[in-house]
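I have placed the structure first, in the form of structure tokens, so that the comments after it can refer back to it.
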Amino acid sequence: MPDDLLPPTLVGPIFEKAQETSLVMRMGTPIEVDYGETSIPVTTARPEVGQVGVGTRNQDREGYRKPVSGSAWDTKTFAPIKLATIVTASDEFVRKNPLGLYTKMQGDLAFAIGRGVDLAVFHGKQPINGAPLLGIEASNVLANTPNVVTLPADRRASVYESLLTGYEIVVEDEDFTAWAVDPRFRARLIRDGAERDVNGNLVNPAEINLNAQSGNILGIRSEYGRAVAGDLGAATNSGIKVIGGDFSKLRYGFADEIRVKVSDQATLTDGAGNTVNLWQTNQVALLIEVTMGWILGEPDAFVAFKQAPPTPVAA
């Protein structure tokens, strides 16, 4: 293909934009991932120390046996998945305004990669059809944490009591570092938690930022993204409003750079079995693909907060 159809700077900006839009890339910790299985050592027992001797005098301490403890390890393994999509445009449009086309493509393709990564990690699904991903462990999906707290359906009840309950569940054995929040739940959080005057009016409403991607809830970092609920692309809403816990236990990585390929001569087949000859129809196709993997160190390190269904109104 001629160089004017694929500027050499295209791949870099795509990856940067994908990072900006992805909850996983904002909250998780990057690790090295290979094309095959990746194994990570996990500590199951740590050494502990104890006092030497039987008393407080030197003769009660010196010469006595030192306590013995030990360490134990296990391994967690995961295999990466490949995410990809193909988009097409007319050759006439490409040649008339290639810079405008590729600028738009950068945002769209990065958006698709970020959504695909997030939906995979949070719900184990794919945006293109909402179907479950194949070959992944159910315990390696954030929404499948065994810890679930139901948020009150009654708008007069504060959601913060439920958030505190979930926090207590996690910190019994793990750290609690962040909340991932559906941005559509932000108004409920503000109504229940914002400072009000004696008349019930919001104090300093101008300081409330409804557009912020980051913030804090109960003094703990919060990040906002629609992947929490799971209704990205064709995937349906799970009812989850918040997932909190120890996000240092979420590790992700890419086995390769995001790759872009271009063709005006390929024949494409869509999900319905329809074929399109690009040369015959005078179109140009862009393919974007990436191989990525992730692992949750401990599903119990997270808690999901689901919205209770509204109470039926009596007839």
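All of these numbers come straight from a predicted model, not from anything done at the bench.
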A side-chain contact here means heavy atoms from C-beta on lying under 4.5 Å apart; do [X] and [Y] qualify?
X: Ile81; Y: Leu83; result: yes
X: Val181; Y: Val228; result: no
X: Ile190; Y: Leu210; result: yes
X: Pro152; Y: Arg188; result: yes
X: Phe185; Y: Val242; result: yes
X: Met292; Y: Pro80; result: no
X: Lys249; Y: Leu296; result: no
X: Ile220; Y: Thr177; result: no

I'd like to know if the side chain of [X] and the backbone of [Y] have a donor-acceptor N/O pair within less than 3.5 Å.
X: Arg196; Y: Arg191; result: yes
X: Asp182; Y: Arg184; result: yes
X: Asp264; Y: Val284; result: no
X: Asn147; Y: Asp300; result: yes
X: Asp91; Y: Asn282; result: no
X: Asn144; Y: Ala138; result: yes
X: Thr145; Y: Pro299; result: yes
X: Ser222; Y: Ala178; result: no
X: His123; Y: Ala143; result: no
X: Ser238; Y: Ala229; result: yes

Inset, instruction - State whether a side-chain donor-acceptor pair under 3.5 Å links Gln283 with Ser90. - result: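 No - no donor-acceptor pair under 3.5 Å links their side chains.
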Work out which heavy atom in [X] is nearest to a heavy atom in [Y]; give both atom names and the distance.
X: Gly124; Y: Val141; answer: N-CG1, 3.6 Å
X: Gly239; Y: Asn237; answer: N-OD1, 2.7 Å
X: Val170; Y: Gly245; answer: CG1-CA, 4.3 Å
X: Thr291; Y: Asp256; answer: N-OD1, 3.0 Å
X: Ala227; Y: Asp118; answer: CB-CB, 3.4 Å
X: Gln280; Y: Asn277; answer: N-OD1, 2.8 Å

Answer yes if [X] and [Y] sit in the same cluster of Ile, Leu, Val, Met, Phe, Trp and Tyr residues linked by side chain heavy atoms under 4.5 Å apart, and no otherwise.
X: Val303; Y: Val121; result: no
X: Leu142; Y: Met25; result: yes
X: Ile86; Y: Val290; result: no
X: Val262; Y: Leu278; result: no
X: Trp179; Y: Ile243; result: no

Inset, instruction - Among residues two or more places apart or on two chains, list those pairs meeting ring-ring contact (aromatic ring centres under 6.0 Å, His included) that have a residue in residues 140-170. - result: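 Sorted pair list: Tyr167-Phe176.
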Inset, instruction - Could you name each residue pair satisfying ring-ring contact (aromatic ring centres under 6.0 Å, His included) that touches residues 228-252, not counting sequence neighbours? - result: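 Output for this query lists Phe247-Phe302.
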Once rounded to the nearest 0.5 Å, what's the spacing between atom [atom1] of [X] and atom [atom2] of [Y]?
X: Lys125; Y: Leu232; atom1: NZ; atom2: CG; result: 10.5 Å
X: Leu268; Y: Ser263; atom1: CG; atom2: OG; result: 7.5 Å
X: Arg259; Y: Leu287; atom1: CZ; atom2: CG; result: 9.0 Å
X: Lys306; Y: Ser162; atom1: NZ; atom2: OG; result: 14.5 Å
X: Ile295; Y: Ser139; atom1: CD1; atom2: OG; result: 8.5 Å
X: Leu163; Y: Lys241; atom1: CG; atom2: NZ; result: 13.0 Å

Just wondering, more than 12 heavy atoms not from [X] lying within 6.0 Å of its [atom1]?
X: Ile136; atom1: CD1; value: yes
X: Glu137; atom1: CD; value: no
X: Arg221; atom1: CZ; value: yes

